[in-house]
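Here the structure comes first, spelled out in C-alpha cells, and everything after it is commentary.
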Number of protein chains: 2
Amino acid sequence: MTTPGRGLHGRVLDTLGPAITAGDYPPGSVLRTDELAQHFEVSRSVMREAVRVLESMHLVESRRRVGVRVRLKSEWNVYDPQVIRWRLAGADRPNQLRSLTILRSAIEPAAAALAARDATPEQCAELTACALGMVANSRGHKLDGYLFHDVAFHRVILAASGNEMFARLGDVVAEVLTGRTHHDVMFEDPDPAAVTLHVQVAEAVREGDAARAEQLTREITVGALQELDILAP
Amino acid sequence: MTTPGRGLHGRVLDTLGPAITAGDYPPGSVLRTDELAQHFEVSRSVMREAVRVLESMHLVESRRRVGVRVRLKSEWNVYDPQVIRWRLAGADRPNQLRSLTILRSAIEPAAAALAARDATPEQCAELTACALGMVANSRGHKLDGYLFHDVAFHRVILAASGNEMFARLGDVVAEVLTGRTHHDVMFEDPDPAAVTLHVQVAEAVREGDAARAEQLTREITVGALQELDILAP
DNA sequence: GTCCCCGAAAAAGTCAGACTTATTTGTCAC
DNA sequence: GTGACAAATAAGTCTGACTTTTTCGGGGAC
C-alpha cells in the first residue's frame with residue numbers, strides 16, 4: 001500500500017492509529033502529548049504532528065489544560081483510507097468488512113449504470129479485458145490471478161462512472177476483495193455464476209444498457225452480501 | 001459547523017485548504033514550508049503541523065529536498081468533511097454538489113431499506129415527528145423550519161440503517177440540503193409531492209416495509225437529481 | 001560523446017528549551 | 001451556597017541549531 005514510514009511521526013501513527021481504532025483507548029480517555037512523546041521516544045514536535053493528524057481524522061480532540069481526548073467512534077472519519085486500513089488490520093475487521101460490503105452494494109450498481117452511459121471506448125475495452133482475465137483464471141486454483149482482474153474490473157467500473165466520489169472507493173473495494181481472498185475462507189475456485197455476471201456487466205456497459213448493467217451488478221453485490229450472511233429477507 | 005480556529009495552524013488551514021481545493025495551486029506545483037510560514041506569519045512548527053494535516057488529507061505530499069507538492073485531484077480524500085466543506089465554499093461548488101447528490105441517490109434508498117428492518121421504536125417516532133414537522137412548514141414560506149426537519153429526517157434514516165458508513169454521511173446530506181435552500185434557487189414552497197413522499201417513507205419504515213421504503217426514498221432522490229438537471233434517460 | 005561516481009546544495013526532518021495562553025480547579029471571602 | 005480570584009496544568013508557540021535525504025551538476029574514465 002502507501003509507504004509505511006514517511007518519517008518519525010508516521011512511525012508513531014502506525015502504532016497509535018491502530019491502537020485507537022482498535023479501542024485500546026476507550027472513548028473519552030485522555031492522553032498527554034508529553035507522555036506519548038516519552039513513550040515513543042520522539043521529540044514533542046514530532047508527537048504534536050502525529051496528534052494533529054489524528055485530530056484531522058476526528059479520532060481525537062486536543063484541548064488546552066485537558067490533554068488529547070479520544071472521540072466517540074461515531075465521530076471518526078470512517079471514510080479515511082488510513083482509518084479503514086487500521087480498522088481492517090485490527091479486531092474490528094469483521095464489522096468493518098460488513099459495513100464496507102453493504103456500502104459496496106449500494107454504490108456499485110449505481111456506478112455501473114452511470115458507466116454504461118458515460119464509459120469511454122478505452123474503458124469498455126479495459127472492462128472486457130478484465131472480465132476475460134477473470135474467466136481465464138476462474139479454474140485451477142489461480143486465485144491470485146482471478147483477484148487481480150476482479151479488482152481491476154471494479155476499479156474500472158467505479159472510475160468510468162465519472163463520479164469522483166465513486167471513483168475514490170476503488171481502494172476500498174480492492175481492500176474488501178483482497179481481504180476476502182487472502183484472510184477469509186476462499187479455498188475453492190470462484191462461483192462460475194459470479195464470473196458470468198462480470199462478463200455480462202462488461203457486455204451491458206459496452207452496449208450502453210444502463211438498467212441491465214445496474215441489475216447485473218446488483219446481483220454481484222447480493223452475492224457478496226450472502227457470503228457474509230447479510231441477508232435481505 | 002465545527003469550530004473554525006482551533007489554534008494558529010487551524011487559521012492557516014482555513015486559508016490554505018480552500019486555496020488548494022479551489023485549484024489556486026495546480027497539481028504538481030511545489031510550496032516551501034519556510035516561505036509559507038513567512039507568508040502566514042507563523043513559526044515553522046505551526047506551519048509544519050498544517051502541512052501534516054493537508055498531507056493526511058492527501059491534498060499534498062511532502063518530500064525531502066523538493067518541498068510540498070500538490071497532489072492530483074484524483075488522489076484527494078474527497079470524503080473528508082473538511083475537504084467537502086472547502087470545496088463547497090469555492091468555485092468547484094456546482095460539481096461538488098452534483099457528485100454528492102449522485103452519491104446520496106445511491107446511498108439513501110439502501111439506508112432506508114435497512115432502516116425499515118432495524119429502526120428502533122424511538123427512531124420510528126423521531127422519523128414521524130420529522131415528517132410531521134416538514135408538513136407543518138411546507139406552506140407559507142417557512143423554508144428554514146422545513147429545512148430543519150428535512151435535515152433531521154434524512155439524518156435519522158441514515159443513522160437508523162445501523163451502518164456506520166451510511167450514518168457518517170449525515171453531515172454531507174445536511175450540507176447538500178442546506179446548500180440547496182440557502183445558496184441556490186429555492187424561493188417557493190417545497191414540492192408537495194416531495195413532502196408526501198417523506199411522510200410515506202416514515203410510514204413504510206414504521207411498518208417495516210423495506211422494499212417500499214427503498215422505492216419511495218429513490219423517488220425522493222430522483223427528484224433531487226432532477227433539480228440539478230441530472231437525468232436518467 | 002556518453003556514462004558513472006562523487007561532492008555540494010537545498011529543503012524537509014528532528015530535537016531541545018524557554019516561554020505564552022487558555023482552562024480548569026480549588027479556595028476563600030461574603 | 002455563590003461568586004470571584006489565584007494557582008496549577010497541559011497544550012500552544014517560537015526560535016535556533018543540527019541531521020538526513022534527495023537532487024543536481026561537474027569532472028573523470030571509457
Side-chain angles (χ1 to χ4, degrees), chain A residues 1-17 19-20 24-72 75-76 82, chain B residues 2-17 19-20 25-72 75-76 82:
Chain A
M1 314 307 150
T2 47
T3 51
R6 303 82 62 201
L8 263 189
H9 88 282
R11 300 285 201 74
V12 172
L13 285 176
D14 287 340
T15 305
L16 197 50
I20 293 175
D24 293 357
Y25 304 95
S29 51
V30 171
L31 313 171
R32 251 83 45 86
T33 306
D34 289 15
E35 283 185 14
L36 290 173
Q38 275 198 324
H39 178 260
F40 287 105
E41 296 178 317
V42 296
S43 67
R44 283 178 313 131
S45 338
V46 168
M47 197 60 227
R48 286 178 57 65
E49 288 172 27
V51 168
R52 283 282 174 262
V53 172
L54 294 175
E55 200 176 25
S56 89
M57 295 167 172
H58 275 65
L59 260 44
V60 304
E61 144 184 68
S62 179
R63 295 185 56 183
R64 269 188 154 126
R65 161 69 210 233
V66 173
V68 178
R69 180 180 292 148
V70 178
R71 297 177 91 130
L72 295 173
E75 299 176 305
W76 297 352
Q82 184 85 89
Chain B
T2 46
T3 51
R6 303 82 63 202
L8 262 190
H9 88 282
R11 300 285 200 74
V12 172
L13 285 175
D14 288 340
T15 305
L16 197 50
I20 293 175
Y25 305 96
S29 50
V30 171
L31 313 172
R32 252 82 46 86
T33 306
D34 289 14
E35 282 186 13
L36 290 173
Q38 275 199 323
H39 179 260
F40 287 106
E41 299 179 314
V42 296
S43 68
R44 294 196 318 278
S45 343
V46 168
M47 198 60 228
R48 286 180 57 68
E49 289 172 26
V51 168
R52 284 281 173 264
V53 172
L54 294 175
E55 200 176 25
S56 89
M57 294 167 173
H58 275 65
L59 259 44
V60 303
E61 144 184 68
S62 177
R63 294 186 57 183
R64 269 183 155 132
R65 162 68 209 223
V66 174
V68 178
R69 180 181 291 149
V70 177
R71 297 178 92 132
L72 295 173
E75 299 176 306
W76 297 352
Q82 183 86 89

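Just so we're on the same page: letters track the sequence lines, and every chain starts at 1. Since the structure is predicted, the reported quantities are computational estimates derived from the model, not experimental observations.
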### Summary
Whether each nucleotide of nucleotides 7-12 of chain C has a protein heavy atom under 4.0 Å at its base (B), only at its sugar-phosphate (S) or at neither (-) is summarised, 5' to 3', as --BBBB
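For the atom pair L13(B) CG and M57(B) CE, the distance stands at 6.5 Å (nearest 0.5 Å). Atom CD of E75(B) and atom NE2 of H58(B) lie 7.0 Å apart (nearest 0.5 Å).
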For residues 35-55 of chain B, which side-chain donor-acceptor pairs fall under 3.5 Å, sequence neighbours excluded?
unit_1: E35(B); atom_1: OE2; unit_2: R32(B); atom_2: NH2; d: 2.7
unit_1: R48(B); atom_1: NE; unit_2: E49(A); atom_2: OE2; d: 3.1
unit_1: R48(B); atom_1: NH2; unit_2: E49(A); atom_2: OE2; d: 3.3
unit_1: E49(B); atom_1: OE1; unit_2: R52(A); atom_2: NE; d: 2.8
unit_1: E49(B); atom_1: OE1; unit_2: R52(A); atom_2: NH2; d: 3.4
unit_1: E49(B); atom_1: OE2; unit_2: R48(A); atom_2: NE; d: 3.1
unit_1: E49(B); atom_1: OE2; unit_2: R48(A); atom_2: NH2; d: 3.3
unit_1: R52(B); atom_1: NE; unit_2: H9(A); atom_2: ND1; d: 3.2
unit_1: R52(B); atom_1: NE; unit_2: H9(A); atom_2: NE2; d: 3.4
unit_1: R52(B); atom_1: NE; unit_2: E49(A); atom_2: OE1; d: 2.7
unit_1: R52(B); atom_1: NH1; unit_2: E55(B); atom_2: OE1; d: 2.9
unit_1: R52(B); atom_1: NH2; unit_2: E49(A); atom_2: OE1; d: 3.4
unit_1: E55(B); atom_1: OE2; unit_2: S62(B); atom_2: N; d: 3.2

### Task
Run the numbers on L16(B) and Y25(B) for side chain to side chain contact (heavy atoms under 4.5 Å, CB included), then give the verdict.
CA-CA 10 Å; L16(B) 197 50; Y25(B) 305 96; 4.0 Å; yes
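Running 5' to 3' along DNA chain D, contacts with non-hydrogen atoms of chain A at under 4.0 Å begin and end at dA8(D) to dT13(D).
Across all their heavy atoms, V66(B) and V30(B) have their closest contact at O-CG1, 3.4 Å.
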